[in-house]
Every structure is written in structure tokens, then in C-alpha cells.
Amino acid sequence: MHKRSLLQAVALSATVAVTSSTSLLAQVALSGQVTSAEEGAMEGVLVSAKKEGGTITITVVSDASGQFSFPASKLAAGKYALSIRAIGYDLQGSPSVELAGDKGATADIKLVKTKNITRQLSNGEWIMSVPGNQQQKLSLLNCVSCHTLERIVKSSYDVEGFATQILPRMGSYANQSIPLHAQKRIATRLLEERGDTLAQARKRQAEFLSSINLSNSAWEYELKTLPRPKGSGTKVIYTEYDLPRPTIEPHDVVIGADGNAYYSNFGEQTFGYIDPKTGAHSEVAMPDLKKGWPTGMLGLRPDKDGNMWLGMMYQGAIAKVDLKDKKVTTWSMPPEMNKDQTQVNMVRAEKSHVDGKVWSQNNGFAAIHRLDLKTGQIESLEPFKAAGVGETHNIYDIIPDSKNNAYFTDIAAEYIGKVDKDTMKVTLFQMPKKPAGPRRGMMDEQDRIWFGEYRGNRIGMFDTKTETFKEWELPTPWSNPYDVMLDKNENAWTGSMINDRVVRLDTKTGQFTEYLLPKTTNIRRVFVDNSTTPPTFWVGSNHGASIIKLETLD
């Protein structure tokens, strides 16, 4: 179906009938059925309720008969606005429901065909829709870190406009930029393409982008969509906590021993957290160590004592936040490593109690750093300094094993690497399939690394003892997992910054379950809280200034 016919869908009126009901079970605060003229009862519709004046949104999903229900434990008395997510459909108007403290209510929801499906497409659905080969489509993954692909496909720039205006400007921004808070790079990363090569790459990219946008006045391709959730994918409850500023970018979210949800702010010099019981938000100011350089932090990981460690990115430092008194301690890179390109993204202190050493890496150029906690000295290793022309390496994540040896992902050359803690010798293990793009991950108790294959659309596992790989292809195209975490039941969890889906893999059976998030969500780091039964999944909406908790019902 072309754009013109998609936009000619006829809209019907939507109504929400709300009635008090004393016959509902006491544990159900709100229930109802979702229907449409086209489908009748509708499975897989996300129904959200947000209390008037509140900062917390609760979302449930309709089952095979179109029924949905909100537990009383999730909705207190008050007035709630209702909203939905269902590709191709709208909920007309702004329906609301009043809930009494001791009574349940019903809300039977009717949906109408949307007049403009283009505003509902995820990044993944745009990539599915646009023409192009795999290499061209993979290049779009570089765009979604800062904004949605909707901005590109709805633009009207021609080849020259992209090549001479848009691409040079986009390339000048730091990677934590968003439209509301753009930040300029001080220097180009050393791994970037240079000279004629860069000009040629921009020309090729400009030709591709101008072929999929509105520079020729209309799209000449079919708009493809993914199916709504069904079966196990509907057995879930989401809680979304709004953060107080739209410029907060919760890149990593970690649940502390105190139950608070801590996050690294990707674009600002603050470290924040919320109380999941109340939604109350607090912040800790982080030092601006290199004034004029882009602000924001990336990797967030706790040490054995529960203190939080962060990579300060362009500020060129490692940071530790003591959660008892919120005291901040920083260690700047030594002068020879604190270049204009320096970008300390990941810090791993999980095994620092083994030998008193904290690992980190450098994304501005391929380097590995190790902090000695006793002396405060930082030693550095550049394993690819002698790499040949055209050989590109990008050390993305660094992951300590039980002995505090360091493993790393090379997203560019597609290796898993090992650094021996005693000799600093580097050993490389080539990924079995390409493209792979190993990005972020974790080490489990068996010293197996679980990681996302961002360009390969796979979950990867590397057993450091047998030095063997195992991979699982994700069932939905253009999921492009960023990070992976294993829960106590041997389920591997990941999330897509492309198609708004969270994926749970049963590693024993190979069975996947996918959960669609209530809103467009730029997922980065994923976290699983194993203190709950079943485990609870947490993620930050990096472009949506919110934190999301996912609780399964099966």
C-alpha cells in the first residue's frame, strides 16, 4: 500500500464507556475490552492509564479476547487519562476514567483506523519499508542514536543537501546529542574516516538518504508494519516513571541494594535516581572536569559494595558515587591519554575487590585503561596502535571475569578480546558470523559473556573457559540488540533501540518472548533485578526522559 492510500483510511468515532462495578474482583481496579469495526475483539493492544497530575503511567495489554485489566495495587483512587498503542489504530479524543478507592470500573474501548500511520512507525518498521541493500540499511543504525528515522524519511533534502549540509552537521555532534540538547564534538574520533574516503562515504550516504525521503515529493515504497503482541507477549505490566526534564537521558539504569533505580544521565552532568514506590526523583551534581567539552555520562555499574561507577565520556574521567553519602570521587585520565578525542564510556568495577583494579576503555581511540585504587594511578594499553591502513578497531565494552581479567567487544573489527590481568597480553577471538557488531554485555557466574550483536540481530554468548561462541537469531528483523543480561532462570534479556521491543530468550529451550513497549523507546543498557520473583526488567528511555519497569505475568 502506498502513502496516498494509507492516508485515505476512513476514521470512525471512538467511545469509552466507563461504569462503576462492585461485582469486579477486589484486586482489579479497571478492566474492559478493546474492539474495532475492522477486527472485533483486538489482542495485543497496549492500554495505558496515567493519573491526573501524576508522573507514573501503568500499561497492560489486551488478551486474545480483547480483555484487559489493571490490578488494584497499580492504580490508586483518582482520575486517569487513558491511551493506547496499536499500529494502524487511534483512540479518538482524550478519554478518562474516575476510580474510587473501593470500587472497580470498566472501560470498553473502541479503536478507529488511523488517518496517518507514518507517525506510528518505529525505526525498525521504517528500515523494513525503505528500499536498499543490507549495507545501506545498516547505515541507518548510525542515525537512531540521536533521533528517529522519521526525521529523515519525512525530509526533502536532495543529494547535495545531505552531502553538503546535513551529514557534515550531523557528524559534528557528539553521540549523546538529541534534538532538544545538541552538543558539538571538540575533535573527530581517531577511528572516523578521513579525507577523500569520508567525502566519498558521505556522497554514497547522501544518495541513499535522498532516495528514501520526500525529495521526489512522494514515497514510492510500501509502508510495512510489525504485528501486535500476542500470547505470552501480552502477559505483562509496565510502569513508566517520568523524569522532571525532557533533556534527561537515562542511558543506563541499575537497581541499587536500597531498591532505588539509579541512572546515568547521557547528556548532562547529573547522576539521578528514583524511588520506584513513589516516583520521587533526586539528583547528584557531577563535576565539569573539562569545561567546554560535551557533558554527560554513559556506563553505570555497581561494585561489590553497591557503590556506582560511571564513565564520564568526553570529560575524560572515571567517577565513583558512594551511595551512603552521595560523595563523588573522580580520576582523570593521565595527560597523554586525555586528548581532545578522549571518550571514557565504560567503567567496570564489579571485580575490583579481587585485586583493587578498575577497568575502563576509550571510545575516542582504541585504548584500555586500568585504575589502581590504592595509588590512584591509571595505566593504559593501546592494543591496535600499530594497526594497518584501513584496519579499524572500536573497543566498545569491557567486561571483567571472576579473576578480574578483562574481556572486550570490538564492534568495528568484530572480535571478542581478552586482556590478561597479569601480563596485559591481548588475545583476539573472531566472531563466527558477519556482520555482528558486538556491543555491550555482562559476565555470568560461569564466566560466560552475554552480549548484543547490534549489526547481526543476534544474542551472542562467548564461553571464556572453552573459548567457543553460541548465537541466537532474534525472531523479529531489525531488533538490533544493544545489551544483554542473564537472569537467575537462565533467561537472556535484551532490548531494541530500533523497534521498541524487549526480548526474553529461554536459553534452555531457545524460545523467544517479545514485549512491545508502550512508547517509542530508545533502549540502551538493560538491567534485570533478580531479587524479585519473577525477575523484573528495567530500562531507560534514552530519548523519552523516563524509566520503564517491565513485570511479566507468566
Side-chain angles (χ1 to χ4, degrees), residues 9-50 57-75 80-100 103-114 117 120 122 225-240 475-476 499-504 506 511-519 534 537 548-554:
V10 179
L12 303 175
S13 61
T15 63
V16 177
V18 178
T19 61
S20 295
S21 173
T22 57
S23 63
L24 289 175
L25 295 176
Q27 65 266 30
V28 176
L30 174 65
S31 63
Q33 185 182 40
V34 182
T35 61
S36 68
E38 291 77 14
E39 298 187 35
M42 296 180 66
E43 181 181 17
V45 176
L46 281 72
V47 182
S48 300
K50 185 174 185 179
T57 302
I58 306 298
T59 301
V60 296
V61 188
S62 62
D63 62 18
S65 61
Q67 300 290 330
F68 66 89
S69 62
F70 290 85
S73 61
K74 298 294 185 181
L75 300 182
Y80 288 80
L82 302 180
S83 58
I84 61 100
R85 183 175 192 178
I87 189 71
Y89 290 89
D90 286 327
L91 175 60
Q92 193 173 50
S94 302
S96 63
V97 58
E98 188 82 35
L99 299 181
K103 296 181 179 180
T106 61
D108 292 328
I109 297 175
K110 291 185 179 180
L111 304 187
V112 299
K113 274 289 187 179
T114 186
I117 200 171
Q120 297 181 343
S122 66
T225 63
L226 292 170
R228 298 194 304 271
K230 61 181 180 179
S232 296
T234 68
K235 301 181 187 303
V236 62
I237 297 178
Y238 305 94
T239 305
E240 183 172 10
T476 300
N499 63 22
D500 306 333
R501 280 163 167 75
V502 170
V503 180
R504 182 183 68 182
D506 185 329
Q511 181 178 356
F512 286 94
T513 305
E514 294 187 302
Y515 305 96
L516 176 65
L517 294 179
K519 297 177 183 176
F537 177 90
I548 301 164
K549 176 173 68 172
L550 184 160
E551 299 170 277
T552 61
L553 300 175
D554 58 1

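Sequence positions, counted from 1, serve as the residue numbers for this chain.
- Between the side chain of Ser62 and the backbone N or O of Val45 there is at least one donor-acceptor pair closer than 3.5 Å.
- By the side-chain hydrogen bond (donor to acceptor under 3.5 Å, both in side chains) test, Gln33 is found to be paired with no residue, residues two or more places apart in sequence or in another chain being considered.
- Side-chain contact check for Leu30 versus Leu82: some heavy-atom pair is nearer than 4.5 Å.
- When side chains are defined from C-beta on, Tyr238 counts as touching Tyr515, because their heavy atoms get closer than 4.5 Å.
- By the ring-ring contact (aromatic ring centres under 6.0 Å, His included) test, Phe537 pairs with Trp493, sequence neighbours left out.
- Using a 4.5 Å heavy-atom cutoff, the side chains of Glu98 and Tyr80 are not in contact.
- Comment: Arg85 engages Asp500 in a salt bridge, judged by a side-chain N to carboxylate O separation of less than 4.0 angstrom.
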Inset, instruction - Just do the side-chain contact (heavy atoms from CB on, under 4.5 Å) check on Val61 and Val236 with the steps written out, would you? - result: CA-CA 7 Å; Val61 188; Val236 62; 3.8 Å; yes

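- The existence of a salt bridge linking Lys230 and Glu514 is excluded, since no basic side-chain nitrogen approaches an acidic carboxylate oxygen closer than 4.0 Å.
- Partners of Arg504 under the salt bridge (charged side-chain N to carboxylate O under 4.0 Å, His left out) rule, at least two apart in sequence or in another chain, are Asp554.
- No side-chain heavy atom of Thr57 sits less than 4.5 Å from a side-chain heavy atom of Ser83.
- Here Glu551 does not pair with Lys235 in a salt bridge; the nearest charged N to carboxylate O distance is not below 4.0 Å.
- Inter-residue side-chain proximity for Glu240 and Thr59 is flagged as unmet; no heavy-atom pair is nearer than 4.5 Å.
- Counting only heavy atoms from C-beta outward, the side chains of Val47 and Phe70 approach each other to under 4.5 Å.
- With a 4.5 Å cut-off on side-chain heavy atoms, Ile84 and Val34 do not count as touching.
- Atom OG of residue Ser36 and atom NZ of residue Lys110 lie 10.5 Å apart, to the nearest 0.5 angstrom.
- With contacts defined as side-chain heavy-atom distances shorter than 4.5 Å, the pair Gln120/Asp90 qualifies.
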